[in-house]
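The structure appears below as structure tokens.
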Number of protein chains: 2
Amino acid sequence: MARTGRPRGFDMDEALDQAMHLFWEHGYEATSLSQLKAAMGGISASSFFAAFGSKEALFRTVLDRYAQTHGQVVAPLHDPALKPRDAVEQALRGSARMQTDPAHPLGCFVVLTTANSSPENRHLQTLLATERQRNRDGLRACVERAVARGDLRADTDVTGLATVLDGVLVGLATQARDGVPLSALDAGITAALGVWDAHAAPAAARKRKAA
Amino acid sequence: MARTGRPRGFDMDEALDQAMHLFWEHGYEATSLSQLKAAMGGISASSFFAAFGSKEALFRTVLDRYAQTHGQVVAPLHDPALKPRDAVEQALRGSARMQTDPAHPLGCFVVLTTANSSPENRHLQTLLATERQRNRDGLRACVERAVARGDLRADTDVTGLATVLDGVLVGLATQARDGVPLSALDAGITAALGVWDAHAAPAAARKRKAA
DNA sequence: TTGCTTCTGAACCAACCGATCCATATATTA
DNA sequence: TAATATATGGATCGGTTGGTTCAGAAGCAA
């Protein structure tokens, strides 16, 4: 079922990637239509409008794309098949590696693109805030699951542990953007996981729970 | 020596506070001159430029003001008279309390106001990045000093510990803005300080060092 | 070739951006 | 009162913003 009509004059995938990079680096509002058009193969305004609907619609498309690709680094948080500590470590290390990858702008799209915006774009701000809340909930769920499994002691401060891990996770965005090298971020993550291990239940308790 | 000439028709202090709140909440670029003028007592454009020089000059003035007031919460990091761990704890808890204070916008001015901006304002971005680096250096200095004093074990991973504390510190900005309550942030800080304590040297070693 | 679809370039819109100029108003100092 | 110094209101600058419309060219299937 080949599509009829004149084929698109630009590469859609590449255009979306370029748009993503612009939003990623400069944020939603600071990225102008002309920048987007220029970066997307120099397409015209009408092509832009026909293909994407509006600047905001493009942003939502790009956000989806990000979530399906780079954003997958936090997917382990929502995978109940993983051991909680492994899920957390994978999410943190994966985020650090992704956010310092020179192949694209530094830091995290979800944290940075609407960090500041005008009141008329509050709905976009809350859209990304919701996304961050998902990670926060995922981290907390991991900690709770670890306590339930007996991996962590029953008296573990769930809120405290989940909040540190979330702080480190969202902190990565600013640190990466500021040029903190991946090696330092990894060392920080190792230190943060030390908090987890400090609350680890003795093997005996874990066995007891498993039985 | 009273100043000659027609007196200002608006309260300078209050105007600067209002401008700070606008920048704080919406960021540098997303805050327009008309918003600023309206918030600063409905002053005219000429009054604005006569009093502050330009939007950017106003921003720098406001940034100084912030550093001298709210920003003082991180001053302990640079106070060698404090015990390193106390300095870190005071800075973290003070930041959390300040950033969740409903008397002004949530989060941290230094982290949020230029989180995203156009290329032509890169110098402002780097200005704030320098400020963040100061905190990063301060945290590292605290950790190094603690090792030198014998408070922390000699084999402590200085980079890892400093990075995790910095991550928590800059992470506060996003967490506070997302509405994470102060109680949770405080619990997170307690947990983060657990990393420090896990590297604490036994009292015997500390005494040996002091002798 | 005939339809049909989609893309393209150019022109256009009202609104807003930060910034500047000038004439006027209001205060202190001599 | 005269001289001086500063602040004010209002008009206005050129440029850019995001968003839209339209006539026509370009490609594909039948």
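Reminder, nothing fancy here: chain letters follow the sequence lines and each chain counts from 1.
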> Per the side-chain contact (heavy atoms from CB on, under 4.5 Å) rule, which among A:Val73, A:Leu169, A:Val74 passes with A:Leu92?
Replying inline: A:Leu169
> Within this structure, what is the CZ-to-P distance between B:Phe10 and D:dG9, rounded to whole angstrom?
Replying inline: 10 Å
> Are B:Lys55 and B:Phe23 in a cation-pi setup, meaning NZ or CZ lies under 6.0 angstrom from the ring centre and within 45 degrees of the ring axis?
Replying inline: no
>> I need the single residue from B:Val164, B:Thr163, B:Val170 that forms a side-chain contact (heavy atoms from CB on, under 4.5 Å) with B:Asp166. Which is it?
In response: B:Val170
>> Need one value for B:Ser118: base, sugar-phosphate or nothing, where a base atom within 4.0 Å counts as base even if backbone is also close, heavy atoms only.
In response: nothing
>> Within a 6.0 Å radius of atom CD on B:Glu14, are there more than 12 heavy atoms belonging to other residues, nucleotides or ligands?
In response: no
>> Does B:Gln133 form a side chain to side chain donor-acceptor pair (under 3.5 Å) with B:Asp137? I'd like the steps, not just the answer.
In response: CA-CA 6 Å; B:Gln133 189 61 45; B:Asp137 294 341; 3.0 Å; yes
> Got more than 12 heavy atoms from elsewhere within 6.0 Å of CZ, B:Arg97?
Replying inline: no
> What is the distance, rounded to the nearest whole Å, between atom CD of B:Glu120 and atom C1' of D:dT16?
Replying inline: 11 Å
> Where along residues 32-66 of chain B does a heavy atom fall under 4.0 Å from DNA chain D?
Replying inline: B:Ser44, B:Ser46, B:Ser47
>> For B:Asp151, is there an ion pair with B:Arg145 - N to carboxylate O distance below 4.0 angstrom?
In response: no
> Given the side-chain rings of B:Phe109 and B:Phe59, with only the six-membered ring counted for Trp, is the space between their centroids under 6.0 Å?
Replying inline: yes
> What are the residues of residues 15-30 of chain B, sorted by number, that bring a heavy atom to within less than 4.0 Å of DNA chain D?
Replying inline: none
